[in-house]
Amino acid sequence: MRNAILLHGLPSKEEYYNPNRPSASNSHWFPWLQKELLMKEIKADTPEVFRPYEMIYEPWVKEVERFAINKESTLVGHSMGGGFWVRYLSEHPEISVDRVILVAPWINLNHEENTRFFEFKLDPTITGRANEFIIFESDDDGEEVQNSVGYLIKKLPHATVRTFHQYGHFTQRTLKDNQFPELLKACL
């Protein structure tokens, strides 16, 4: 059975504990994309990492490993969630999937965050373990993300890159909507 795992990015501690904001897995385009995939008979899960702002890798692993990851899986990651999938797949060469879609992936190249989350060796063969490996980037995203995307494009030359004009960090604010039809199309 086809499935998708839609992984959120890194909220700040203030965002995480703000009762007026949705949880990371329920913000931006995540609920819309999940519903659209479910209506297309694709089991779609939006895991919620416990205290993601702490930037500790193991809780992220524990959360995603609750779900099936196999040749019928689509892995979507936004920002740090995209960076997580790069590390996770690099450390699990036995895993092959249908699609990987990294939306504005961030991997902390500048080490601005004091964390070991992204201390890993990138496996350049991860693109070959997916039928499609796509990176979404925007020409007006932040410098850290643009640097991360540039690094990934250089290290993963077989990835398909889709560049968007003025989509920012692909959030509800920068997309001016909670729908993301281009991402849905890439998932299908």
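All of these numbers come straight from a predicted model, not from anything done at the bench.
- Rounding to the nearest 0.5 angstrom, the gap separating the CD1 atom in Ile69 from the CG atom in Leu89 is 7.5 Å.
- Counting non-hydrogen atoms of neighbouring residues, nucleotides and ligands closer than 6.0 angstrom, the CD atom of Glu119 exceeds 12 such neighbours.
- Two residues are said to be in side-chain contact when any heavy atoms from C-beta on lie closer than 4.5 Å; Pro22 and Ser27 meet this criterion.
- By the 4.5 Å heavy-atom criterion applied to side chains, Asp177 and Trp32 are not counted as neighbours.
- Under 3.5 Å, the side chains of Ser138 and Asp141 contain no donor-acceptor pair of N or O atoms.
- Closest heavy-atom contact between Cys187 and Thr74: O-OG1, 4.1 Å.
- Looking at Glu36 and Met39, their side chains come closer than 4.5 Å, going by heavy atoms from C-beta outward.
- The CZ atom of Arg116 lies 13.0 Å from the CE atom of Met55; values are rounded to the nearest 0.5 Å.
- The side-chain heavy atoms of Arg2 and Lys40, taken from C-beta on, include no pair separated by under 4.5 Å.
- With respect to Glu58 and Lys62, no salt bridge is recorded, no charged nitrogen being found less than 4.0 Å from a carboxylate O.
- For Tyr57 and Phe118, the ring centers sit 6.0 Å or farther from each other.
- Between Thr174 and Asp140, every side-chain heavy-atom pair lies at or beyond the 4.5 Å cut-off.
- Looking at every heavy atom in both residues, Ile5 comes nearest to Ala68 through CD1-O, 3.8 Å.
- Residues Leu6 and Leu38 are members of separate hydrophobic clusters, defined by side-chain heavy-atom contacts under 4.5 angstrom among Ile, Leu, Val, Met, Phe, Trp and Tyr.
- Side-chain atoms of Arg129 come within 3.5 Å of backbone N or O of Ile95 as a donor-acceptor pair.
- Here the shortest heavy-atom pairing between Asn108 and Glu144 reads OD1-OE1, 4.2 Å.
- In this structure, the side chain of Asn131 does not engage the main chain of Arg99 through any donor-acceptor pair within 3.5 Å.
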Report task. Please lay out, stage by stage, how Arg21 and Glu14 fare under the test side-chain contact (heavy atoms from CB on, under 4.5 Å). Result -> CA-CA 10 Å; Arg21 292 188 61 117; Glu14 293 73 27; over 6 Å; no
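- Looking only at side-chain heavy atoms (C-beta outward), Leu7 and Val64 come within less than 4.5 Å of each other.
- Relative ring orientation between Phe30 and His78 is described as perpendicular, the plane-to-plane angle rising above 60° on a 0-90° scale split at 30° and 60°.
- Here the closest heavy-atom approach between residue Ser73 and residue Asn3 is recorded as OG-OD1, 2.7 Å.
- Side-chain contact annotation: Ser79 with His169, donor-acceptor N/O pair under 3.5 Å present.
- Under a hydrophobic clustering in which Ile, Leu, Val, Met, Phe, Trp and Tyr are joined whenever their side-chain heavy atoms come within less than 4.5 Å, directly or via other members, Ile135 and Ile101 fall into different clusters.
- For Arg87 (side chain) and Phe117 (main-chain N/O), a donor-acceptor pair under 3.5 Å exists by modelled atom type.
- The pair Lys121-Asp123 does not count as a salt bridge, with every side-chain nitrogen at least 4.0 angstrom from each carboxylate oxygen.
- Note that OH of Tyr53 and CD of Glu15 are 12.5 Å apart. Values are rounded to the nearest 0.5 Å.
- Here the side chains of Ser25 and Pro47 are not in contact, with every heavy-atom distance at 4.5 Å or above.
- The hydrophobic clustering, which links ILVMFWY residues whose side-chain heavy atoms are closer than 4.5 Å, places Val76 and Leu102 apart.
- Note that CD of Gln34 and CD1 of Ile42 are 12.0 Å apart. Values are rounded to the nearest 0.5 Å.
- Between atom OG of residue Ser90 and atom CG of residue Leu156 there is a gap of 7.5 Å, rounded to the nearest 0.5 Å.
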**Report entry** Glu72/Asp98 under side-chain contact (heavy atoms from CB on, under 4.5 Å): CA gap, chis, key distance, verdict
**Finding:** CA-CA 5 Å; Glu72 294 188 84; Asp98 184 32; 5.7 Å; no
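- The shortest heavy-atom contact between Asp139 and Gln166 is OD1-N, 2.8 Å.
- Put simply, the residue from Thr127, Val161, Leu109, Val86 that forms a side chain to side chain contact (heavy atoms under 4.5 Å, CB included) with Leu152 is Val86.
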Report task. Given side-chain contact (heavy atoms from CB on, under 4.5 Å), test Tyr16 with Arg51 step by step and report yes or no. Result -> CA-CA 8 Å; Tyr16 184 80; Arg51 296 193 308 228; 4.0 Å; yes
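- Residues Leu37 and Trp85 do not share a hydrophobic cluster, clusters being chains of Ile/Leu/Val/Met/Phe/Trp/Tyr side chains in contact below 4.5 Å.
- Side-chain contact, Tyr88 with Glu65: a donor N or O sits under 3.5 Å from an acceptor N or O.
- Scanning both residues, Ala24 and Glu48, for their nearest heavy atoms gives N-OE2, 3.4 Å.
- Using a 4.5 Å cut-off between side-chain heavy atoms of Ile, Leu, Val, Met, Phe, Trp and Tyr, with links allowed through other members, Phe180 and Val145 fall into different hydrophobic clusters.
- Between Phe170 and Phe136, the two ring planes are tilted [angle within 30° to 60°].
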Requested in this report: Mind running side-chain contact (heavy atoms from CB on, under 4.5 Å) on Leu33 and Thr46 for me, showing each step along the way?
Outcome: CA-CA 10 Å; Leu33 181 60; Thr46 55; over 6 Å; no
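- With hydrogens and angles disregarded, no donor-acceptor distance shorter than 3.5 Å links the side chain of Thr125 to the backbone of Gly128.
- Between His8 and Trp60, the distance separating the two ring centers is shorter than 6.0 angstrom.
- Atoms OG and CD, on Ser148 and Glu143 in that order, are 10.5 Å from each other to the nearest 0.5 Å.
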